[in-house]
Amino acid sequence: HGARRPSLPRHAWRRGWSATALGLALAACGTPAAGARLPLDYRGTVLPARSVEAWFESAPGARDSATVARGLSRMRVALESLGYLDARLRAVRDTAAAGVRAGGGGARWRVEVEEGARTKLVRIQLETAQREDSLAFAAALDLAPGGWASPPAFGGALERALGALVEDGYAYAGIAVSSFDWDSAGARLRLSGARGPRVIVERVRVEGLRATQPGFARRVAAVPESLPYRPSSALAGRERLLRTGLFRSVELVGLQSRG
């Protein structure tokens, strides 16, 4: 297992009417399921040894190689989140070292890490077709040069920016990572985005009713009409309908456009 340069997918991020986001595919480095831990000889200076050992906890029936690959992946994501973009990781099975796995047999793994230098974000470039889109994204995007270059942090910032625009009625807003590169001077992130048209709720339609009057259902849902579409308002209306106890289920169906 050798070095790898982190990359950001160049597909567009979009959030539709259901407020479901498509984002950067970044592995999570959460706590693994309980299981046996591989005997480790961790050689690194940044990540806590206790965290590293937890990330190499094997699932029942998992091969050592799969556990090691998963552990290295979690370590890499953790290092990249701290700005160590050029970190090199290596796992070597040391059959001669002492340390036997519980249950008999097994070898100790030596995990070597060369963290390298931390990289700062020195430039963010946002490209849009319209000045109004640029201003809207800039206001919603909580990213600024000067901090550590962290791909997971970039992903969270893009997610929050899209959420803010969608909640303001731009249900078809999208943003894409055009490029992400770095050298000894720092990292540079280029983005492209578009808000798309603002969606206005002209009328709320309730379908599938049998005994309940549509007007009553609309009043209970209380989703504002003739105003920009906001996912939070639609979800709140759905919850109000469910709380009446009159409906087995309530689903939000996609936006319909006259255009």
Side-chain angles (χ1 to χ4, degrees), residues 1-13 21-32 38 40-57 67-92 109-128 134 137-165 174-193:
H1 301 280
R4 176 184 66 86
R5 289 176 69 88
S7 61
L8 296 176
R10 298 188 180 183
H11 61 268
W13 281 37
L22 298 178
L24 303 178
L26 295 170
C29 49
T31 303
L38 295 183
L40 291 181
D41 178 12
Y42 167 54
R43 302 182 182 183
T45 61
V46 173
L47 300 177
R50 182 176 297 181
S51 297
V52 173
E53 291 169 358
W55 293 334
F56 281 81
E57 193 167 349
T67 300
V68 169
R70 186 172 60 249
L72 289 177
S73 176
R74 287 171 171 145
M75 290 178 66
R76 184 174 300 283
V77 172
L79 287 167
E80 291 176 1
S81 69
L82 297 173
Y84 294 98
L85 304 182
D86 289 316
R88 299 175 64 87
L89 290 80
R90 182 168 177 259
V92 179
W109 287 84
R110 187 172 68 251
V111 178
E112 302 172 348
V113 182
E114 297 177 16
E115 290 86 358
R118 287 179 95 178
T119 303
K120 284 195 172 184
L121 182 63
V122 297
R123 183 181 180 189
I124 302 174
Q125 182 178 352
L126 177 62
E127 300 173 342
T128 62
S134 179
F137 274 109
L141 195 60
D142 55 346
L143 274 179
W148 299 117
S150 168
F154 299 161
L158 294 178
E159 168 73 11
R160 291 187 294 273
L162 277 178
L165 288 174
I175 191 168
V177 177
S178 302
S179 66
F180 174 54
D181 61 88
W182 66 93
D183 52 30
S184 59
R188 295 159 295 277
L189 179 66
R190 190 167 82 245
L191 306 170
S192 60

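All figures in this text were calculated on a predicted structure; none of them were measured in a lab.
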Decide yes or no on side chain to side chain contact (heavy atoms under 4.5 Å, CB included) for V52 and L40, but give the supporting numbers first. CA-CA 9 Å; V52 173; L40 291 181; 4.2 Å; yes

Criterion side chain to side chain contact (heavy atoms under 4.5 Å, CB included) on L82 and W148, from CA distance to verdict: CA-CA 7 Å; L82 297 173; W148 299 117; over 6 Å; no

Going through the distances and angles, do V111 and V68 end up as a side chain to side chain contact (heavy atoms under 4.5 Å, CB included)? CA-CA 9 Å; V111 178; V68 169; over 6 Å; no

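Here L189 contributes atom CG and W182 contributes atom CH2; the two are 11.5 Å apart, rounded to the nearest 0.5 Å. For the atom pair CG (L85) and CG (D183), the distance works out to 11.0 Å, reported to the nearest 0.5 Å. Taking CD of Q125 as the start and OG of S178 as the end, the distance is 8.5 Å to the nearest 0.5 Å. The line from CD1 of I124 to CG of L143 is 4.5 Å long, rounded to the nearest 0.5 Å. In this structure, the separation between CD on E127 and CD1 on I175 is 11.0 Å, given to the nearest 0.5 Å. One finds the CG atom of L79 at 6.0 Å from the CD atom of E115 (value rounded to the nearest 0.5 Å).
The two atoms that bring L72 and A91 nearest to each other are CD1-CB, 3.9 Å, heavy atoms only. Listed here is the closest heavy atom pair of P151 and E80: CD-O, 3.6 Å. What you find for L47 and Y42 is that their closest heavy atoms are O-OH, 3.0 Å. The nearest pair of heavy atoms linking R43 to R110 is CZ-CD, 3.1 Å. Residues A187 and A149 share a closest heavy-atom pair of CB-CB, 3.7 Å.
Between D181 and R190, no side-chain nitrogen of the basic residue sits less than 4.0 Å from a carboxylate oxygen of the acidic one, so the salt-bridge criterion is not met.
W55 is listed as a side-chain neighbour of M75, based on a closest heavy-atom distance under 4.5 Å. The side-chain heavy atoms of L191 and L141, taken from C-beta on, include a pair separated by under 4.5 Å. Side-chain atoms of F180 and F154, non-hydrogen and from C-beta on, do get closer than 4.5 Å to each other.
Counting only distance, with no hydrogens or angles, the side chain of R188 and the backbone of G186 share a donor-acceptor pair below 3.5 Å. For Y84 (side chain) and V46 (main-chain N/O), no donor-acceptor pair under 3.5 Å exists by modelled atom type.
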